[in-house]
> 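Can you read through this structure? Questions will come right after.
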Amino acid sequence: MGILTANLFVTLDGVYQAPGGPEEDRDGGFEFGGWQGAYFDDETGEAIGAGIDRMDALLLGRKTYDIFAGFWPRQKDHIGETFNALPKFVVSRTLTRPEWEGTTALAEVSELAEVKERFEDIHMFGSGHLIRSLLEADLLDRLNLFLYPLTFGSGKRLFTDGSGFPAAFRFAQPPRAFPKGAVLLSYERAGVPVTGITIGQD
């Protein structure tokens, strides 16, 4: 069974919308696109690149797929060549003929169980709605949160009011801090939360 890892760039108040560029995703009138660049450094790039080099398949939600498919096919750098060569999967009930070469559309999250049987190291980027669905279906093995030291007060968040569910996590590797203030927190599922304990009582 392969490992499915979600990589998410997120602010202190949980916003993951449009880290890569001003026009990346203006849904809801979001005006702060392109916020990741000010905190990007060589060490962060190496950490992100190492994950990309390990992966043997790419998974995306529909919104992130449209962003990636409009950008990466034209890129000739190492990351572009890697993404273009990899088998790609997008979860969507409306996309039936993906144009990005090597892409397979999946109508249901449950179909990813079979994908995990075929690949060893599947990675996804962004796709917050899909991350929530994968966690609820217990199909996501690891969550890499690249946490950035800023807040916006608006924008798409990984968990909004009422969208979460009980789940516990543990570190998959020690936290890693980067020179410009970002922190990588890598978690794996650890069953359900332990509750009902009063601190200080035996």
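All values below were derived from every heavy atom in this structure, side-chain atoms included, with hydrogens, water molecules and symmetry-related copies excluded. Keep in mind that this is a model prediction, so the values were computed, not measured.
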> Got a donor-acceptor contact below 3.5 angstrom from the E117 side chain to the A113 backbone?
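Not confirmed, E117 side chain does not pair with A113 backbone.
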> May I ask you to test the D141-K116 pair for a side-chain heavy-atom distance under 4.5 Å?
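A side-chain contact under 4.5 Å exists here.
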> Do H129 and K63 come close enough that some side-chain heavy atom pair is under 4.5 Å?
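Not in contact.
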> Taking all non-hydrogen atoms of both residues into account, name the closest pair between W72 and D77 and its distance.
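Closest pair (atom of W72, atom of D77, distance): CZ3-OD1, 3.9 Å.
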> Under the side-chain contact (heavy atoms from CB on, under 4.5 Å) criterion, do M55 and I122 qualify, and how do the steps go?
CA-CA 6 Å; M55 59 194 284; I122 309 158; over 6 Å; no
> So, K156 side chain and G128 main chain: donor-acceptor pair closer than 3.5 Å or not?
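No, the answer is negative, given that no donor and acceptor are paired below the 3.5 Å cut-off.
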> Suppose we call two aromatic rings close when their centres sit under 6.0 Å apart. Are F89 and F119 close by that rule?
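Close enough - the centres of the two rings lie under 6.0 Å apart.
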> Under 3.5 Å, side chain of R132 to main-chain N/O of L158, donor-acceptor pair present?
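Yes, R132 side chain to L158 backbone: donor-acceptor pair under 3.5 Å.
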> Less than 4.5 Å apart, side chain to side chain, heavy atoms only: is that true for M124 and L130?
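In short, these two side chains touch, coming nearer than 4.5 Å.
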> Would a 4.5 Å heavy-atom cut-off, applied to side chains only, mark P73 and N84 as touching?
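Of all side-chain heavy-atom pairs linking N84 with P73, at least one is under 4.5 Å.
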> Verify, without hydrogens or angle tests, whether S92 (side chain) and L95 (backbone) share a donor-acceptor contact under 3.5 angstrom.
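Side chain of S92 to backbone of L95, a donor-acceptor pair under 3.5 Å: yes, one is there.
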> Among residues at least two apart in sequence or on other chains, which ones pass ring-ring contact (aromatic ring centres under 6.0 Å, His included) with Y39?
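ring-ring contact (aromatic ring centres under 6.0 Å, His included) list for Y39, sorted by chain: empty.
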> Evaluate side-chain contact (heavy atoms from CB on, under 4.5 Å) for F146 paired with L185, printing each intermediate quantity in order.
CA-CA 6 Å; F146 288 83; L185 302 171; over 6 Å; no
> Taking all non-hydrogen atoms of both residues, which atom of R93 and which atom of A107 are closest, and how far apart?
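What the structure gives for the nearest pair is CG-O, 3.3 Å.
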> Decide salt bridge (charged side-chain N to carboxylate O under 4.0 Å, His left out) for E188 and R170; before the verdict, give the C-alpha distance in whole Å, the side-chain angles of both, and the deciding distance to 0.1 Å.
CA-CA 6 Å; E188 59 187 13; R170 58 174 169 258; 2.9 Å; yes
> Using 30° and 60° as the class limits, which term best fits the ring planes of W100 and F83: parallel, tilted or perpendicular?
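Aromatic pair W100/F83 classed perpendicular.
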> When you measure from the side chain of D13 to the backbone of F152, do you find a donor-acceptor pair of N or O atoms at a distance under 3.5 Å?
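A pair under 3.5 Å: yes.
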> What closest approach, in Å, do P149 and A182 show between heavy atoms, and which atom pair accounts for it?
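Looking at all heavy atoms of both residues, the closest pair is CD-N, 4.2 Å.
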> Determine whether more than 12 heavy atoms belonging to other residues, nucleotides or ligands lie under 6.0 Å from atom CD of E99.
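No - once you tally the heavy atoms of other residues, nucleotides and ligands closer than 6.0 Å, there are 12 at most.
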> Quick check against the 3.5 Å criterion: does S127 have a side-chain atom that pairs as donor or acceptor with the backbone of F125?
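Flag set: sc S127 to bb F125 pair under 3.5 Å.
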> At their closest point, which heavy atom of A137 faces which heavy atom of V109, and how far apart are they?
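Minimum heavy-atom separation between A137 and V109: CB-CG1, 4.2 Å.
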> Should the pair E101-K88 be classified as a salt bridge under the 4.0 Å nitrogen-to-oxygen rule?
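Looking at K88 together with E101, the answer is no, because their closest N to O distance does not fall below 4.0 Å.
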> Would you say the side chains of N144 and H123 form a donor-acceptor pair under 3.5 Å?
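No donor-acceptor contact under 3.5 Å links the two side chains.
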> Can you check whether D27's main-chain N or O pairs, donor with acceptor, with Q17's side chain at less than 3.5 Å?
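Yes.
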> Taking E108's backbone N and O only, do any of them form a donor-acceptor pair with E111's side chain (distance below 3.5 Å, no angle check)?
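At least one qualifying donor-acceptor pair exists.
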> Is there a side-chain contact between V10 and V15 (heavy atoms, below 4.5 Å)?
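Of all side-chain heavy-atom pairs linking V15 with V10, none is under 4.5 Å.
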> Write down the atom of R142, the atom of S186, and the distance for their closest heavy-atom approach.
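Taking every non-hydrogen atom into account, CD-OG, 3.5 Å.
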> Could you check whether R189 makes a cation-pi contact with F169, meaning its NZ or CZ is under 6.0 Å from the centre of the six-membered ring and within 45° of the ring axis?
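Geometry flag: set, cation within 6.0 Å and 45°.
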> Do you know which two heavy atoms are closest between P166 and P193, and how far apart they sit?
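Closest approach of P166 to P193: C-CD, 3.8 Å.
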> Stepwise, does the side-chain contact (heavy atoms from CB on, under 4.5 Å) test hold for F30 with D25?
CA-CA 7 Å; F30 189 67; D25 181 2; over 6 Å; no
> For the residue pair F9 and Y16, is the inter-centroid distance of their aromatic rings smaller than 6.0 Å?
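Ring centroids of F9 and Y16 are no less than 6.0 Å from each other.
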> Would you say Q75 has more than 12 foreign heavy atoms packed within less than 6.0 Å of its CD?
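Yes, CD of Q75 has more than 12 neighbouring heavy atoms, counting only those of other groups under 6.0 Å.
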> So which of T64, V91, T5 actually passes side chain to side chain contact (heavy atoms under 4.5 Å, CB included) with L59?
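Looking at T64, V91, T5, the match for L59 under the side chain to side chain contact (heavy atoms under 4.5 Å, CB included) is V91.
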> Is the number of heavy atoms from other residues, nucleotides or ligands under 6.0 Å of E31 CD greater than 12?
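Count not over threshold, so no.
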> Please answer whether the main-chain N or O of I67 pairs with a side-chain N or O of E24 as donor and acceptor at a distance below 3.5 Å.
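Checked: no pair found.
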> What do the steps show when you test V90 against T103 for side-chain contact (heavy atoms from CB on, under 4.5 Å), and what is the final call?
CA-CA 7 Å; V90 54; T103 299; 3.7 Å; yes
> Looking only at side chains, do T151 and T11 share a donor and an acceptor under 3.5 Å apart?
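Side chains of T151 and T11: no pair found under 3.5 Å.
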